[in-house]
Amino acid sequence: MDFLTVLYSAPLLLSLFKAALPYAVATTAAFGQWFASVPPCRDVSFEATSFLVCEVDPKLYSIELFWKDPAGKPFQSLHNLDNAQRMAGRTMLFAINAGMYHPDLRPVGLYVERGQEMVGVKTGSGSGNFSLQPNGIFYISRGKAVVRATKDFVRQRPATDYATQSGPMLVIDGQLHPKFQADGTSRKSRDGVGVRKDGVAVFAISNGTVTFHAFARLFRDALGCDNALFLDGTISSLLAPAIGRNDDYWNLGPMIGVFRKRGG
């Protein structure tokens, strides 16, 4: 192509560029919005079981607990929670169910939301996984994420912005829960949360079924968490639309939502 051809073609090329520019800008903006909604999650394989693991640094992300909407009605599902956050102009990166609850969706054990204690801590005996001692509490205090056995939490009673009690503990100060057996046969889908030494909260949900012993070793041996807490079993669910994860269990109790902090 000679110089004159290029010269005569310039107006046409310029008009084509101008016509394409809005589409390029729109595509770039759409990609930016999608990228901003991508959660800090990755697939992990541990001993032939697949997990989705989300590593959340509280310096960069806000970890919040949800149970009821402003009208006092339980959200009931991760999708309802996500829709409510969108209506409020917030982008929730992912949400996961946050512990056990009664038939009326009231949390079993301690539940704190935005600094308000809505359900008191439970220290008595009982049946089921929640009461398989030691159980524990996951909480956010002054921007730090912590998992602690209930008895230790009650002894120190730290100020909390958010807290949920569940059980059993999976890992306690680097040791597996004493009731877990390596040859255990109870396999279910499970989700839980641990905290690494660097303060990063690690959420994990199994894509298949897993024993308590293997789930605890995932947190300790593969994810580097000295303390980890079981959140729930059969109805374990996680919602992260940006990566195509859309679990849709209904009638859930407390939930955890994660948001990117401004500038994070």
Side-chain angles (χ1 to χ4, degrees), residues 38-47 49-65 93-99 109-110 112 115 121 132-180 182 190-206 210-232 236 238 240 256-261 263-264:
V38 173
C41 303
R42 60 189 174 95
D43 291 316
V44 171
S45 180
F46 181 72
E47 297 182 352
T49 301
S50 172
F51 300 87
L52 183 64
V53 173
C54 303
E55 296 165 307
V56 181
D57 186 343
K59 299 185 188 71
L60 304 177
Y61 301 93
S62 176
I63 304 170
E64 303 176 19
L65 277 158
L93 302 183
F94 75 90
I96 191 170
N97 55 320
L110 181 68
V112 178
V121 65
L132 187 60
Q133 300 297 330
N135 61 17
I137 294 170
F138 169 66
Y139 63 95
I140 305 297
S141 177
R142 297 184 178 90
K144 294 183 178 181
V146 184
V147 168
R148 181 171 293 175
T150 299
K151 62 178 182 178
D152 296 330
F153 178 91
V154 170
R155 186 181 303 120
Q156 298 186 14
R157 198 62 201 219
T160 55
D161 300 307
Y162 294 94
T164 183
Q165 184 179 4
S166 190
M169 288 284 287
L170 298 170
V171 186
I172 312 103
D173 296 329
Q175 301 297 315
L176 302 188
H177 192 289
K179 298 291 180 63
F180 296 165
R190 307 187 192 272
D191 69 285
V193 59
V195 177
R196 299 197 314 234
K197 286 186 175 68
D198 60 3
V200 170
V202 183
F203 298 89
I205 183 169
S206 64
V210 64
T211 66
F212 266 132
H213 196 275
F215 197 41
R217 284 188 286 106
L218 167 79
F219 275 99
R220 186 189 66 178
D221 302 338
L223 303 178
C225 298
D226 284 345
N227 289 280
L229 177 66
F230 174 65
L231 292 175
D232 218 332
S236 295
L238 187 144
I256 293 170
V258 173
F259 306 81
R260 191 183 305 275
K261 289 182 177 179

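In this text the structure is predicted, and so the values were computed from the model without any measurement. Values reported hereafter were calculated over all heavy atoms of this structure, with side chains retained and with hydrogens, waters and symmetry mates removed.
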Can you name the residues that form a salt bridge (Lys or Arg N to Asp or Glu O under 4.0 Å) with D226, not counting sequence neighbours?
K197
Least distance between heavy atoms, I172 atom then P178 atom
CD1-CD, 4.3 Å
Can you tell me how far CD1 of I205 sits from CG of L231, rounded to the nearest 0.5 angstrom?
9.5 Å
Sequence neighbours left out, what passes ring-ring contact (aromatic ring centres under 6.0 Å, His included) with F203? Give chain and number order.
F94, F138
Look up atom CZ in F219 and atom CZ in F230, then write down how far apart they are to the nearest 0.5 Å.
10.5 Å
Does V146 reach the side chain of V195, with side-chain heavy atoms less than 4.5 Å apart?
no
Which heavy atom of A98 sits nearest to which heavy atom of T164, and what is that distance?
O-OG1, 2.7 Å
Across all chains, not counting sequence neighbours, the side-chain hydrogen bond (donor to acceptor under 3.5 Å, both in side chains) partners of S236 are D191
So, do V258 and P39 sit near enough that their side-chain heavy atoms are less than 4.5 Å apart?
no
As an exercise, state the distance from CG of L110 to OH of Y139, rounded to the nearest 0.5 Å.
11.0 Å
Name all residues meeting the side chain to side chain contact (heavy atoms under 4.5 Å, CB included) criterion together with D57; count only those two or more places apart in sequence or in a different chain, and write none if there are none.
K59, L60, V200
To the nearest 0.5 Å, tell me how far I63 CD1 sits from I140 CD1.
4.0 Å
Residues in salt bridge (Lys or Arg N to Asp or Glu O under 4.0 Å) with R196, at least two apart?
E55, D198
For F51 and F215, take the angle between the two ring planes, folded into 0 to 90°, and tell me which bin it lands in: parallel under 30, tilted 30 to 60, perpendicular over 60.
parallel
What residues form a side chain to side chain contact (heavy atoms under 4.5 Å, CB included) with A216, not counting sequence neighbours?
L170, V171, L176, F180
Just how far is it from atom CG of L52 to atom CG of D43, taken to the nearest 0.5 Å?
5.5 Å
Is any side-chain heavy atom of L65 closer than 4.5 Å to a side-chain heavy atom of V112?
no
For residues G143 and P58, report the shortest heavy-atom separation together with the two atoms involved.
O-CB, 3.2 Å
Sequence neighbours excluded, the answer for side-chain hydrogen bond (donor to acceptor under 3.5 Å, both in side chains) partners of R157 is E117
Taking side chain to side chain contact (heavy atoms under 4.5 Å, CB included) as the test, write out the residues that go with K179, two or more places apart.
L132, H177
Decide yes or no for I137 and L229: does some side-chain heavy atom of the first lie under 4.5 Å from some side-chain heavy atom of the second?
no
Going by the rule side-chain hydrogen bond (donor to acceptor under 3.5 Å, both in side chains), which residues pair with S141 if we only count those two or more places apart in sequence or in a different chain?
none
Between the main-chain N or O of V210 and the side-chain N or O of T49, is there a donor-acceptor pair closer than 3.5 Å?
no
Using modelled atom types only, decide if a donor and an acceptor are shared between the side chain of S206 and the backbone of R190 within a distance under 3.5 Å.
yes
Looking at CG of N227 and CZ of R220, how far apart are the two atoms once the value is rounded to the nearest 0.5 Å?
12.0 Å
Sequence neighbours left out, what passes side-chain hydrogen bond (donor to acceptor under 3.5 Å, both in side chains) with T150? Give chain and number order.
N135, Q165
When every non-hydrogen atom of A214 is compared with those of F46, the smallest separation belongs to O-CE2, 3.6 Å
Using a 4.5 Å cut-off on heavy atoms from C-beta on, say whether the side chain of P40 contacts that of V56.
yes
Does R260 use its side chain to pair, donor to acceptor, with the backbone of V38 at less than 3.5 Å?
yes
With sequence neighbours left out, write down each residue that passes disulfide (SG to SG under 2.5 Å) with C54, or none if nothing qualifies.
C41
List the residues meeting side chain to side chain contact (heavy atoms under 4.5 Å, CB included) with D152, not counting sequence neighbours, and say none if there are none.
R148, A149, R155
